[in-house]
2 protein chains.
Amino acid sequence: MVSPDPIGSRKLPRNFLTPWILLVLKQWSLHGYLIMQQLNSMGFAEVDHPTLYRELRRLEKEGHVVSEWQTDGSGPAKRVYSITEAGEQMLLGWSEVVSGYQRMIAGFFDLYAQAFGMAPPATGPDAPTEPEFNDNVT
Amino acid sequence: MVSPDPIGSRKLPRNFLTPWILLVLKQWSLHGYLIMQQLNSMGFAEVDHPTLYRELRRLEKEGHVVSEWQTDGSGPAKRVYSITEAGEQMLLGWSEVVSGYQRMIAGFFDLYAQAFGMAPPATGPDAPTEPEFNDNVT
DNA sequence: TGACCTTATGTGTAAAATGTACATATATGG
DNA sequence: CCATATATGTACATTTTACACATAAGGTCA
């Protein structure tokens, strides 16, 4: 009956990567492999690298980042990404979206504190002061 | 070139609804329509109702919520949902996941403050003290 | 030099989740 | 009787992500 996945089974929320990628590229010009490591250090447990590379190419196709091949140095060729002016604009917009997420999460933990311990205030959607089915699950 | 959508175009992050639904049902037993209104008041701009109803049925199939038809009262019949023991366990797990999101967002705004104004510390992925392409986008 | 590992980027495809359009039914107000 | 708000649902297409697999350069060590 219970779902087989351990709750948030490593799957990221939708579109979560995009603002982080833009922000990292606002700060540093890096190639994909280093972006991935940077994201790892910022709390993304295991970034799926095909997802990351595809997202980078999409951002480039949209004009939000540009890339240059860096063939010098050791190891295989690296595609180094830089943010564009349009990308910085997009980052500004995304920051407001992420700020909205932050507010929603704060609201989550407010209600969470109420639900676990404190008495609920009469501020429900319809002020359900008479809960109908609170007892049938004991 | 620029993406047609206004950034976070009303699309929610993946799986964002689930913990909120469980939390609302931890606090109140409600039917879908009222759950939707409650979510609206908590910052979800426009909850797509097919998505919500589908998620509720999935949660029920997984055993995390149960429902009862409420035919008395005015208006069409309402399917009133209540959280189960398994659902409360799942809510506990989700709260840790959401807490992880909260930390990631806090890290986002930390880097955001650095990128817009303050000098970057030498704590990059590989300490990129020599940015390669920071000038070619001016 | 040959096997193997790390770095680095990619393709192909299936699964998951969501969004849009459409459908159904009850009650209320004009 | 018709429009609207409430209330739930189906069908389908789109979007996004996850998993498996492929490719290639360079270094190490026997």
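Chain identifiers are assigned alphabetically (A, B, ...) following the order of the sequence lines, protein sequences preceding nucleic acid strands; residue numbering begins at 1 within each chain. Hydrogens, waters and symmetry mates play no part in the numbers below; they use all other heavy atoms, side chains included.
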How close or far is atom C1' of C:dA16 from atom CZ of B:F16, stated in whole angstroms? 18 Å

Nucleotide C:dT7, atom P - distance to CD of A:Q38 in whole Å: 16 Å

Give the rounded distance in Å between these two atoms: CG of A:L52 and P of D:dC19. 15 Å

The ring pair (Phe, Tyr, Trp, His ring centres under 6.0 Å) partners of B:Y33 (sequence neighbours excluded) come to none

Partner set under side-chain contact (heavy atoms from CB on, under 4.5 Å) for A:R103, not counting sequence neighbours: A:S99

My understanding is that only residues two or more places apart in sequence, or in another chain, count here; which of them pass side-chain contact (heavy atoms from CB on, under 4.5 Å) with B:A106? none

Rounded distance in Å - CG (A:L59) to P (D:dT16): 11 Å

Taking only N/O atoms, report every protein-nucleotides 4-14 of chain D pair under 3.5 Å with atom names and distance.
unit_1	atom_1	unit_2	atom_2	d
D:dT6	OP2	B:Y33	OH	3.2
D:dT8	OP1	B:R79	N	2.9
D:dT8	OP2	B:G32	N	3.4
D:dT8	OP2	B:Y33	N	2.7
D:dT8	OP2	B:Y53	OH	2.9
D:dT8	O4	B:H49	NE2	3.4
D:dG9	OP1	B:R79	NH1	3.3
D:dG9	O6	B:H49	NE2	3.1
D:dT10	OP2	B:R57	NH2	2.9
D:dA11	N6	B:R54	NH2	3.4

Separation of B:F44 atom CZ from C:dT18 atom P, in whole Å? 11 Å

Check the distance between C:dA16's C1' and B:R14's CZ and give it to me in whole angstrom. 6 Å

Is it true that A:E55 and A:R58 have a side-chain N and a carboxylate O under 4.0 angstrom from each other? yes

Determine: side-chain N/O of B:T51 to OP1/OP2 of C:dG19, distance under 4.0 Å, yes or no. yes

Report the distance from atom CZ of B:R58 to atom C1' of C:dA17, rounded to the nearest whole Å. 7 Å

For B:P50, which residues count as a side-chain contact (heavy atoms from CB on, under 4.5 Å) partner, sequence neighbours excluded? B:D48, B:R54

Which residues satisfy the ring pair (Phe, Tyr, Trp, His ring centres under 6.0 Å) test with A:Y53, sequence neighbours excluded? none

